[in-house]
Amino acid sequence: APSLPIAQQGEAILAQSAAVVTDPLHPDIQALIRNMQATMLAANGVGIAAPQVFRSLRLIIVASRPNPRYPDAPLMEAVAMINPEIIWLSIETCLGEEGCLSVPGRRAQVARAERLTVRYLNQQGERVEAAYSGFVARIIQHEMDHLNGILFVDRVG
Ligand SMILES: O=C(O)C[C@@H](Cc1ccccc1)C(=O)SCC(=O)c1ccccc1
Ligand SMILES: [Zn+2]
């Protein structure tokens, strides 16, 4: 699957709220998931949101892996989350370093909820509810922000 162009900070699409995916099993959505995964891997990302590849749709990919900043991050198969909703966030937050494929060269400490529960449709269109914590919960919050037109730099002083 080809790697797609990544929208950079300043592109209007990154500040918009993305639209709900109406037909998760549509071939276009299945192809978009494949292309987003290829784009994320080519860019060495641990996540990506559809608006970052110029598709204003509520679709994210989460793919944590150990990295210099989070050496104990879990290695996980990339998971596609269609129409994700965070249905619970812990009160406890933690600070952690973030970067963004749409804001190259910037890194900042961002406070995020330590734990969350997310409800979404998986690539097969099945409803899933799952709990996450730590770095994976951080990635999910970062990607959810992209669906709501928010960049991590909007959250730092
Ligand atoms: O722009 C994106 O959504 C991808 C972004 C996801 C993300 C990274 C770190 C914390 C939260 C969300 C990236 O993958 S940036 C590049 C990267 O691999 C990385 C950056 C900082 C720390 C760990 C990884
Ligand atoms: Zn980002």
Side-chain angles (χ1 to χ4, degrees), residues 1-21 29 32-86 88-90 92-123 130-157:
S3 177
L4 301 172
I6 295 176
Q8 296 299 291
Q9 183 178 21
E11 292 279 0
I13 196 165
L14 292 176
Q16 293 167 4
S17 267
V20 166
V21 174
I29 297 298
L32 177 58
I33 290 171
R34 281 193 301 278
N35 293 343
M36 283 171 64
Q37 271 170 337
T39 304
M40 176 192 67
L41 292 178
N44 277 326
V46 290
I48 194 164
Q52 293 182 279
V53 293
F54 294 95
R55 300 291 302 275
S56 197
L57 290 170
R58 303 191 80 78
L59 164 57
I60 67 176
I61 309 280
V62 179
S64 164
R65 65 173 191 279
N67 58 84
R69 282 159 204 83
Y70 300 83
D72 54 359
L75 176 61
M76 67 186 273
E77 283 291 301
V79 58
M81 298 184 178
I82 300 169
N83 301 328
E85 295 167 81
I86 293 177
W88 178 79
L89 276 177
S90 67
E92 299 81 4
T93 62
C94 58
L95 269 178
E97 185 166 284
E98 300 193 11
C100 184
L101 300 177
S102 298
V103 190
R106 283 289 308 274
R107 291 244 190 268
Q109 294 288 321
V110 181
R112 300 283 189 182
E114 241 171 54
R115 294 182 307 286
L116 61 78
T117 303
V118 59
R119 177 187 300 156
Y120 63 91
L121 294 178
N122 65 16
Q123 196 164 351
Y132 290 99
S133 61
F135 184 51
V136 183
R138 175 173 301 278
I139 298 171
I140 292 168
Q141 292 169 82
H142 178 113
E143 304 310 334
M144 283 298 296
D145 272 356
H146 277 304
L147 302 186
N148 299 321
I150 298 166
L151 295 177
F152 82 107
V153 290
D154 303 330
R155 289 188 177 280
V156 297

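Only a predicted model underlies this, so the values are computations on that prediction, with no experimental measurement involved. Order of appearance sets the numbers: ligands from 1, and atoms from 1 within every ligand. Reckoned from all heavy atoms, side chains included, excluding hydrogens, waters and symmetry mates.
Side-chain atoms of E114 and S90 include no donor-acceptor pair closer than 3.5 Å.
Ranking protein heavy atoms by distance to atom 13 (C) of ligand 1, first place goes to V46 N, 4.0 Å. In terms of protein heavy-atom proximity, atom 23 (C) of ligand 1 is nearest to N67 OD1, 3.4 Å.
Within the 4.5 Å cutoff, no side-chain heavy atoms of I61 are placed close to those of T39. Put simply, the side chain of I60 does not reach to within 4.5 Å of the side chain of I139, judged on heavy atoms. The closest side-chain heavy-atom distance from H142 to V62 is not below 4.5 Å.
Using a distance-only test at 3.5 Å, with no hydrogens or angles considered, no donor-acceptor pair links the side chain of N35 to the main chain of A1. No donor-acceptor pair closer than 3.5 Å links the side chain of R138 to the backbone N or O of E98. Under a 3.5 Å cut-off, the side chain of Y120 and the backbone N or O of A130 do not form any donor-acceptor pair. In this structure, Q8 contributes its side chain and L101 its backbone to a donor-acceptor pair below 3.5 Å. Between the side chain of R58 and the backbone N or O of A18, at least one donor-acceptor pair lies under 3.5 Å. For the pair S64 (side chain) and M76 (backbone), a donor-acceptor distance under 3.5 Å is absent. A donor-acceptor contact shorter than 3.5 Å is absent between the side chain of R155 and the backbone of A111.
Every atom of ligand 1 is numbered from 1 in the order shown, and the set under 4.0 Å from a heavy atom of G99 is 5 (C), 7 (C), 8 (C), 9 (C), 15 (S), 20 (C), 21 (C). Listed by number with element, the atoms of ligand 1 under 4.0 angstrom from any heavy atom of H142 are 1 (O), 2 (C), 3 (O), 11 (C), 12 (C). Remark: ligand 1 atoms within the under-4.0 Å shell around heavy atoms of N44 are 17 (C), 18 (O). Within ligand 1, counting atoms from 1 as listed, the ones closer than 4.0 Å to a heavy atom of G47 are 2 (C), 3 (O), 4 (C), 14 (O). Below 4.0 Å from some heavy atom of G45 lie the following atoms of ligand 1, by number and element: 14 (O), 18 (O). Atoms of ligand 1 lying under 4.0 Å from at least one heavy atom of C100, given by number and element, are 1 (O), 15 (S).
Minimum interatomic distance between L14 and A7 (heavy atoms only, all atoms of both residues): CD1-O, 3.7 Å.
Only the side chain of Y70 comes within 4.0 Å of ligand 1, counting heavy atoms alone; its backbone N, CA, C and O stay farther away.
When only interatomic distances are considered, the shortest N/O to N/O separation between S102 and ligand 1 does not fall below 3.5 Å.
The closest approach between Q52 and ligand 1 falls below 4.0 Å for a heavy atom of the residue.
Nearest-residue assignment for atom 6 (C) of ligand 1 (options E143, E98, R65; heavy-atom criterion): E143. Here the shortest heavy-atom distance to atom 20 (C) of ligand 1, taken over E97, R107, R69, belongs to R107.
Shown here are the protein N/O/S atoms lying under 2.8 Å from the Zn ion (ligand 2), water excluded: C100 SG, H142 NE2, H146 NE2.
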